[in-house]
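Indexing begins at 1, ligand by ligand and atom by atom, following the structure's order. Along the sequence shown, residues carry numbers from 1.
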Amino acid sequence: MVKDDLETNLHIIERDPGDNAAEVLQRVNADALVLLLAPEELNDALQEWLPSLLAAEVSAMLERGQFAAGLGQAEVLPTLGLLPCRSLVLSGLGRAAASTDAWRDAGVYAARAALARGLERLAAPLPRAAAAGAAAVPLGERVHALAEGLLLGGYRMPSYAAAAQPPVPALREVALIADQATLAALGGGSAASALAQPLEAARALAVATQYARDLTNLPGNVLVPDTLAQEAARVASQYGMACTVLDEAAIVEHGMGGLHAVGKGSINPPRMITIRYQGTDSWDNVVGLVGKGITFDTGGISLKKPDGMEEMISDMGGAAVLLGLLHAVGRLKPKINLVIVIPTAENMPSGAAFKPGDVIKMMSGHTVEVLNTDAEGRIVLGDGITYAKQLGATRIVDVATLTGAVLVSFADVATGAVANDEALQQEILHAAKQAGEKVWPFPNYPEYHEMLKSDVADIKNAASRDRWAGSITGGLFIGFFAGDTPWLHLDTGGTAWLWNDRGTEPKGGTGTMVRTLAHWLCSSQM
Ligand code: BES
Ligand code: MN
Ligand code: ZN
């Protein structure tokens, strides 16, 4: 249903001492040489890699102000036979002491610029050991970032068009050029051994992100709860992980009244998906990850307005992040224990649908007063959290396209976090920084809990003034079911899906939070 691997062959070529660019490039079948350049080092890099005629042309561009090596600037030049590849791709790093993020982002921009010109095979020198600012960022991190960026820049949204389309270029090959100084700085040994860890991490994170994007982009008629469950089972089995799926009858039997209520308005019945990954000898210290899997959200009886409703194919973005993450965990094999829980349903209005005013009984035994059937995500996640605890989770993170209100707070720029545990929050914020993804915490003052008090049930699913602090109250509803278990919620309502390309992120599903969670769980493997 969704691709589980990259179209790109990522490999290393060693540059022997004294080889010039032409000699190195002779040994690969590249369409383009890709140079990531910092303004301060431009001249050195041009001298090192380009024949003098090409170097002079780039210098002239610099003088004309056409290319200043700023981050986000990418230029493609013909080599006119002066190098043994058709084109030269220049991508700016912004400054010499470029951050890991800059290396990743410049890689994305380079690959995109190349693909836009039909250049499918790229050769790029690795960051140099001696570069200024090298002390600030470990070299292995920059190697990982560059490889990850180039691979992520190769992402293409699949099309369903039946009519013949012009062939879309694919990123078929990335050859990373390693010189002796770089290899020595990475700990010596052969190129293969020195580079294995950062390159495998880059590949795992790129596959995981690409997979989450593709899954998020599947139309709502193609992906329904049962197909999501089959897909989860397929991916889990690839890595030898156990996956179980509860059907509607089993959901009722388990007392999962929240998931059942949300799902019962649709002819495509709900499912509860669980996947286990055991990376240590004993099943303890279990991390629970819970992902919102609403395959389409019409709002139900509290129907959404039609404008832009098609975006709600991405309301399973949280589930997509967790299934994407399986690729990272399955490849990097961290020594941790994980239980993934995905409650999945289609939120539809019908004669069988749940209604405002209903009181439903959750798996935890608590009752919920339904004020708005469009606040469905928190209801299915409440049961998801209870189930994760029952399966042994001792710390829980949920990922959900929970609220439109997060767009009011952060636009489509940052993912909002709500937590009941400061230490867990610090860990996730640190991982997000490492991954280059933007997460910002909301406060969880007692006044916000008050706003969810119901007169007839233990809690209500929408605060009385439901637009006030909507992302916080939405998150805290989920936290109610976490109870004393350390818990953090990631609201990707603004970030899981973009109306247009923005920065390094593509239009449609972004897969955001795959890399944050991968850094959190797999840091010792990167
Ligand atoms: N899936 C939506 C949230 C959403 C909306 C994500 C727009 C991305 C873009 C969620 O189920 C929802 O409808 N939330 C309501 C909650 C409200 C009724 C309390 C919302 O945000 O309007
Ligand atoms: Mn909704
Ligand atoms: Zn929703």
Side-chain angles (χ1 to χ4, degrees), residues 216-217 220 223 225 228 258-259 261-263 265-266 270 290-321 342-349 353-358 368-384 398-416 418 442 448 451-452 454 459-478 489-500 507-510 512-513:
T216 305
N217 286 330
L223 190 76
L228 181 63
L259 177 57
V262 171
S266 170
V290 184
K292 175 173 175 181
I294 299 296
T295 57
F296 194 80
D297 181 13
T298 64
I301 297 296
S302 313
L303 194 62
K304 288 182 180 296
K305 58 178 176 27
D307 283 2
M309 204 203 279
E310 67 274 21
E311 177 181 355
M312 287 301 115
I313 65 169
S314 66
D315 214 17
M316 34 57 69
V321 164
I342 298 172
T344 173
E346 189 178 56
N347 189 20
M348 294 288 279
F354 76 136
K355 308 173 295 299
D358 286 1
V368 172
E369 180 188 7
V370 177
L371 291 186
N372 190 322
T373 64
D374 199 9
E376 84 297 341
R378 59 197 74 181
I379 298 178
V380 305
L381 288 161
D383 277 346
D398 79 76
V399 193
T401 48
L402 200 77
T403 66
V406 70
L407 281 158
V408 178
S409 302
F410 302 144
D412 55 5
V413 176
T415 295
V418 180
F442 286 111
Y448 299 119
M451 291 163 74
L452 291 169
S454 163
I459 191 168
K460 55 190 177 190
N461 83 325
S464 326
R465 301 178 187 278
D466 67 16
R467 301 170 63 89
W468 285 17
S471 300
I472 301 175
T473 56
L476 289 177
F477 178 97
I478 302 169
H489 156 72
L490 292 165
D491 189 340
T492 55
T495 51
W497 198 90
L498 296 177
W499 288 100
N500 290 109
K507 174 186 160 101
T510 61
T512 190
M513 294 301 110

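- In this structure a side-chain-to-backbone donor-acceptor pair under 3.5 Å is present from T373 to G299.
- Residue N372 approaches ligand 1 through these ligand atoms, each under 4.0 Å from one of its heavy atoms: 18 (C).
- For the ligand labelled ligand 1, residue R467 lies outside the 4.0 Å heavy-atom shell.
- The count of protein N, O or S atoms under 2.8 Å from the Mn ion (ligand 2) stands at 4, with waters excluded from the count.
- Closest to the Zn ion (ligand 3) among the N, O or S atoms of E376 is OE2.
- Side-chain N or O atoms of N217 include one that pairs as donor or acceptor with a backbone N or O of G509 at under 3.5 Å.
- Using modelled atom types, no side-chain atom of T415 and backbone atom of T492 make a donor-acceptor pair closer than 3.5 Å.
- Using modelled atom types, one side-chain atom of T344 and one backbone atom of G293 make a donor-acceptor pair closer than 3.5 Å.
- If you look at M309 next to ligand 1, there are no close heavy atoms at all, none under 4.0 Å.
- The heavy-atom pair separating V406 from S471 by the smallest distance is N-OG, 3.0 Å.
- The nearest pair of heavy atoms linking K304 to D374 is NZ-OD2, 2.9 Å.
- Within the structure, ligand 1 has L402 among the residues with a heavy atom less than 4.0 angstrom away.
- Within the 3.5 Å criterion, the main-chain N or O of F296 finds no donor-acceptor partner in the side chain of D315.
- Distances from the Zn ion (ligand 3) show that D374 has no N/O/S atom below 2.8 Å.
- Heavy atoms from both the backbone and the side chain of D374 come within less than 4.0 Å of ligand 1.
- For K292, the nearest N, O or S atom to the Zn ion (ligand 3) falls under 2.8 Å.
- The name of the N, O or S atom in D297 nearest to the Zn ion (ligand 3) is OD2.
- Atom numbering of ligand 1 starts at 1 in the shown order; those under 4.0 Å from a heavy atom of K292 are 1 (N), 10 (C), 11 (O).
- Residue-to-ligand polar distances place G404 within reach of ligand 1: an N/O pair is separated by less than 3.5 Å.
- Note: no N/O pair closer than 3.5 Å links T403 and ligand 1 by distance alone.
- When E311, K304, R378, M312 are checked for heavy-atom proximity to atom 6 (C) of ligand 1, M312 turns out nearest.
- Ionic pairing of K292 and D398 is not present here: no N-O contact between side-chain nitrogen and carboxylate oxygen is shorter than 4.0 angstrom.
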